[in-house]
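All values below come from the heavy atoms of this structure, side chains included, with hydrogens, waters and symmetry mates left out. Quantities reported herein were computed from a predicted structural model and do not represent experimental measurements. All ligand and atom numbering here is 1-based and tracks the order in the structure.
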Amino acid sequence: MSAAPPDNDVLWARSLVKSHHGTPALRGVSLNVRLGEVLAVAGPRGCGKSTLLDVLSGMVPADEGEIWFNSSPVHTLGRAAREKLRRERFGYVGPEPHLVPELNGRENVALPMLLAGISRKVAATSAAEWLERLDVAECAKRRPAELLQDQRQRIAVARALAAAPAVVFADEPTAPLHRESQDQVMRILLTASRSHKITLILATHDASVARYANRVAVMADGRLAIPVDARDAVALSELEEDAPTCSTSV
Ligand SMILES: Nc1ncnc2c1ncn2[C@@H]1O[C@H](COP(=O)(O)OP(=O)(O)OP(=O)(O)O)[C@@H](O)[C@H]1O
């Protein structure tokens, strides 16, 4: 086993390998994520972005490799310990909101806080504040079926941020939103990341979303296509070449 990672890396992964039913999705990915940064994991569809986020967040175990969170090993944890870690330290928002249909907007946002042991009153107050920040305060008492997809996704973003996680994993978080709404939700995610010192790991195939990040990890076929470095023209032009249809406007 290698030495523990440097202290200023919130996540540190080495040589991650993962296959889905024999199909390789990660073929040896090593990367570090710094405390408080916004890291984009970018690349074309099917290159392994979602799998990398799922493995880094402990949602699925890697077949091989190491993951360290705040200098503690994640790769040695069993399922229950990984679930506890995800519940208490990580937030997740995916391309679909996946809200609990029986709960209203505020209850959906409060749920991770209640599961983390926060009192009902504090969770309800915090949920209401995050719904307001996401511009969907009017959805607090309405169930998902009564809402637009845009409103549901904003609630999912509020749910990921409200429990004050150390890291938010956001997999194509703006996919169901229209363009103006995408920009607004990305700005809210970035503001929350800065003001609450939340590290944000963002999977996207869209160069215009990757441009919001401090650094970009461009993937191709289960590997990092080029070394992860400061957000630069090289990383983004690689992405734009791979995904010629995506917008480059910021
Ligand atoms: N549950 C699964 N079962 C079988 N194969 C899978 C599964 N999930 C992903 N794969 C395959 O693993 C590879 C990587 O998929 P992954 O979803 O991680 O890529 P991605 O870059 O996130 O793509 P997308 O943007 O389309 O979600 C692809 O070949 C995909 O078909």
Report yes if the distance between the aromatic ring centroids of H75 and W12 is under 6.0 Å, otherwise no.
no
What protein heavy atom sits nearest atom 21 (O) of ligand 1, and how far off is it?
K49 NZ, 2.8 Å
Would a search of protein heavy atoms around atom 31 (O) of ligand 1 find one under 4.0 Å away?
no
Within the side chain of S126, is there an N or O that forms a donor-acceptor pair under 3.5 Å with the backbone of A123?
no
Ligand 1 to T51 polar contact by distance, N or O atoms, under 3.5 Å:
yes
Does ligand 1 have any atom that is closer than 4.0 Å to a heavy atom of H205?
no
Among non-hydrogen protein atoms, atom 5 (N) of ligand 1 lies closest to H20 CB, 3.3 Å
Does any N or O in the side chain of R82 come within less than 3.5 Å of the main-chain N or O of G58, such that one atom is a donor and the other an acceptor?
yes
I need the atoms of ligand 1 closer than 4.0 Å to a non-hydrogen atom of H21, numbered in the order shown.
3 (N), 4 (C)
Can L35 be reached from L56 by stepping across I, L, V, M, F, W or Y side chains whose heavy atoms are under 4.5 Å apart?
yes
Side chain, backbone, both or neither: which part of M219 comes within less than 4.0 Å of ligand 1 when only heavy atoms are counted?
neither
Pick from C47, P95, G46: the one approaching atom 29 (O) of ligand 1 most closely through a non-hydrogen atom:
G46
Atoms of ligand 1 close to A25 [distance to a heavy atom under 4.0 angstrom, numbered from 1]:
12 (O), 13 (C), 14 (C)
For residues L131 and L111: do they belong to one hydrophobic cluster (side chain heavy atoms under 4.5 Å, members Ile, Leu, Val, Met, Phe, Trp, Tyr)?
no
For ligand 1, is there an atom lying under 4.0 Å from some heavy atom of P44?
yes
Consider side-chain contact (heavy atoms from CB on, under 4.5 Å). Of N214, D9, V10, T199, which one does R34 pass it with?
D9
Considering distance alone, does some N or O of G48 sit under 3.5 Å from an N or O of ligand 1?
yes
Could you tell me whether R143 and E102 have a side-chain N and a carboxylate O separated by less than 4.0 Å?
no
How far is atom 17 (O) of ligand 1 from its nearest protein heavy atom, and which residue and atom is that?
S50 CB, 3.7 Å
Atom 2 (C) of ligand 1: protein heavy atom closer than 4.0 Å?
yes
For the CD atom on E132, are there more than 12 heavy atoms of other groups (residues, nucleotides or ligands in this structure) within a distance under 6.0 Å?
no
Between R152 and L147, is there a donor-acceptor pair closer than 3.5 Å when you use the side chain of the first and the backbone of the second?
yes
